[in-house]
Structures are given as C-alpha cells and as structure tokens.
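Please read these numbers as outputs of a predicted model, since none were measured by experiment.
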Amino acid sequence: MRTKHWIGGVHRKAGLVISFMMAVLFAPLARASETGGGDWLNLTHSGVGYAAILIFVLAYTLVMLEEKLHLRKSKPVLVAAGIIWSMLGYVYSQHGMPQVAEVAFKHNLLEYAELMLFLLVAMTYINAMEERGLFDALRAWMVSRGFSLRQVFWLSGVLAFFISPVADNLTTALLMCAVVMKVGGDNRRFIGLASINIVVAANAGGAFSPFGDITTLMVWQKGIVSFADFFALFIPSVVNFMVPAVVMSLFVGNARPDAVQEKVYMRRGARRIVALFLLTIASAVMAHSLLGMPPVLGMMTGLGFLQFFGFFLRKTFNHSVAKAIAKAEAEQNRERLTYLGNVVPFDVFSRVARAEWDTLLFFYGVVLCVGGLGFMGYLSLVSEAMYSHWDPTYANITVGLLSAVVDNIPVMFAVLTMNPDMALGQWLLVTLTAGVGGSLLSIGSAAGVALMGQARGIYTFGTHLKWTPVIALGYVASILVHMWLNAATFH
C-alpha cells in the first residue's frame, strides 16, 4: 500500500510538473491571439516562440559541429522541424484553427518539393556524368599535360568558375581539388593556396547562374529575378574570383612537376548525357520563361530524357561491348580489354540513389524550420529591423557576412520569406553576397567543408583564415562593381 501510495504521489508530482511546463510554454498564447491579425497568431512573445528559437539554435549548433561530431547535418534539423511544427499544430488546434497551420505547412512543403525535385534531377545528371567517366577524363587530361604549378593554379580556378554555374559547386570543387592534389604531390603550400582559390572560384561562378547554387535557384524559382537578369552578376562574380586569385598566384611557384600519365576511358554515352543535360536546362528555362510554369516541370521532363537514354544503353549494351572487345583484340590493347571486362550496364536509378540525400534532407529541415519561425512572426520582426531601419544595401551586405558563418540556405530562405520590397539591383546584390560571402571562411560553403575533408590537414580552417582579408577585398570589390555597372537596376 505504501508503495502504491508512493507511486501515485510520483505520478501526481510528474503531472504537476508537466502541467506547470505546459502553462509556462502556452500561457502567453491568449495575449498572442489578441495581437494576431485575422486567422494568424503572433507568437513572437510566447513560450512556444522562445522554445522554437531555442530548438532551432540547438539544431543549428549541431549542424555547425558536423565535422567534430560526425553527425549528419540533416538529422538535427529534421527533428527540429518536426518539433516546431508539432508545437504550431497544437497551438492552432487549441484556438480552433488547425486548418490554418495545415495550410501554412503545406505551403512550405510545396516550396521545398519544387526545389528538391529540381536539385534531384541536377544531381542525377551530375552522377551520371561521373559514372560515365567524364570528370575522370577531364582530370586525366589536366594532370598529363605537364603544366606548371602556377598554370594549374589558374586552370583549376578558371574551370571551377565556369563549371560551377552548370554543375553544383560541391562537385566542381572536389573535381578540381583532385587535380591539384595529384599535380602538387608533397607541395602542401601549393595545394592549400589552390584549394582556397577553387573554393572562391566555385562560389563566385555559382552566383551568376540560377543553377550554380541553391540560393540562386531559390531566387529564380520564386520569380523575383528572371533567368536573363542573373547574368548582370557575371562581371562582379569575375571580380570576386580574380582579385584574391591574382594576389595568391604571386605566392605560387612556377615549378613544372613531371606529367602524370593516367589513361581514362569514357564510357559510352558520356557526351550524349552532357547534351541531354543542356537540353534539360533549356527545358527548365523555357517552362519558366515562356509557359509561366515552375522550372521543375522542365527538369523532371529532362529526367525522363535520361531514363529513355538509359533504356537505350541497356538494350544495346551487349552488342556495343562485344564490338568494342573485338576492336581492342584486333589492336592488342590489353588495357582497354581489362577496362571493358569491368563495364556494367547504365542504371539511372542507381544514379538517383547516389544523390546528396543528406543535403536534400537538410534542405527540408531548414525550409520547414525557417518557415515555422516565419509563421510565428519572427521573420517579420527581423525584416522590420533590417530592411526598414537599415539601408537595404547594408542589410544585403550583412546577409553575405552571415552566410560565412551560417549556411547560406537558411539565410537566403529567410530573406525570401521576409520578401522585403526592394529594387531588382538589391535582389541581385543579396543573391551575390549570399553566394560569395561563404568564401570568407572555409566553413561558409559546401565546397569549403568538402575540401577540408578531401585535403585533410593541408586545407584547413586556419589555412583559409590567413587569406580571408584578401578574399574580403574581392568581396568588397564585387559589390562595388555591381553597384557601378548595374546602377540603373537600383531604382
């Protein structure tokens, strides 16, 4: 009986504690509903709002510690998104408005779905090109030419700048870093400088193309900046890359290491997949520009193109391999015979499976977390503080600086959710700064984080930090050039 009484007492105390916590968390909601307009609740000064901010900060702290904890960045934000929207669902249910929270959630989910499917198709094409040996062939060509270290420094930077507008900056950076590590050998100073140059070039190249970065893609899909208008950022992006590159190249030796001979065979269909990718991009642009439909329509159609081509490659696989083997035997090419013995049929769904799912799920968590905070009213407060009390130019430059510390995806999504009333020039400015601001620190972009893993111990946070003042010079110069060249768009 005493045990039963004790257990009952514990249950009552636990119930009191839970009731107290719920009272603290949801007590201010009556006041919040009074300040809300119509069917919307302002939760910025409520226990739920404060809890949501705390949960998001904790989740993003875990994201920033990804390299130390070896915890995938998608995990904490997925959980945070679930908790934040669960709290919102409870609050609106208590006020008899569950459908309002449901509609808001579906709105954010739709925005994510469009971007996710777009990115999934792009990643599938990049993985298909990689599987067909296209990037390996490019790397082999570069390392076999016997370029000097300075030439490799410039060539890897220029290629990173021009490849990243089509491929993502992460894939581009990894490809170019593999080249400089192969050529550089034991020259740690060269590899470090070339890696910094690649990160800056890849981020700068992605800033003037809707396909170059997730942030530019978000701005384009939102319909704020048209496809053609992005190219007004081409020269500012060149300046952002060139200013630090010129300075760093002065510290790169002009030694000419021995050429590394590496024979790479591209698999059948590699060049045709590149052509299909360009056709897919054209389909996305036309769907948006001519038909007024979301760009994802053209991208998913392009995925259909790739699937049909994959079907063709599988159906003709045995015949094409037999023909290639007969030719290699006639030429007594043992190396090619060995290669052909390891060729497997093309499978488009294996390319889909190899997409950056951690990035896509991280993107989901970020969009839903930021959307939830915006639905509570916090983004309106930030927008009021930044874009009403500050000059928009200073606010947009600050966004770029924030993206060096915090991933540019949540920063740009927050700006798009605030949707401040700005001229085209200001929207182009924030697109530029959010894209290239991540170059200021090695942790500021996916390219920098990836290269810290690939060139571990050579390209580090400290190595990059030493050159941050030079990179910042390029950051400032690109902003000034944009404001000068595109002055008409600021009115």
Under the 3.5 angstrom rule, does the side chain of His464 hit a backbone N or O of Gly448 as a donor-acceptor pair? no
Any donor-acceptor pair under 3.5 Å from Asn187 side chain to Phe190 backbone: yes
Between Tyr387 and Val415 (side chain of the first, backbone of the second, donor and acceptor by atom type, cut-off under 3.5 Å), is there such a pair? no
Anything under 30° is parallel, anything over 60° is perpendicular, the rest tilted; go ahead and classify Phe227 against Phe231. perpendicular
**Request:** Take Phe234 and Phe208 through the ring pair (Phe, Tyr, Trp, His ring centres under 6.0 Å) test and state the conclusion after the steps.
**Result:** CA-CA 5 Å; Phe234 175 72; Phe208 71 87; 5.1 Å; yes
- Query: How about Leu117: does its CG atom have over 12 heavy atoms from other parts shown lying under 6.0 Å from it?
  - Reply: yes
Exercise. Would you please classify the geometry between the Trp467 ring and the Phe251 ring as parallel, tilted or perpendicular, with 30° and 60° separating the classes?
Key: perpendicular
- Query: Is the side chain of Thr463 donor-acceptor paired with the backbone N or O of Gly192 at a distance under 3.5 Å, no angle test?
  - Reply: no
Please check if the number of heavy atoms outside Arg272 that lie under 6.0 Å from its CZ is greater than 12. yes
ask   = Does a donor on one side chain and an acceptor on the other come within less than 3.5 Å for Asn240 and Ser237?
value = no
Counting only heavy atoms not in Arg72, do more than 12 fall under 6.0 Å of its CZ? no
Exercise for review: Give me the ring orientation class for Trp220 and His288: parallel if the planes are under 30° apart, tilted from 30 to 60°, perpendicular past 60°.
Suggested key: perpendicular
- request: Keeping the roles fixed (side chain from Ser74, backbone from Phe362), state whether a donor-acceptor pair exists under 3.5 Å.
  value: no
- Query: So Leu88 and Phe105, side chain to side chain contact (heavy atoms under 4.5 Å, CB included) or not? Walk me through it.
  - Reply: CA-CA 10 Å; Leu88 280 167; Phe105 178 82; over 6 Å; no
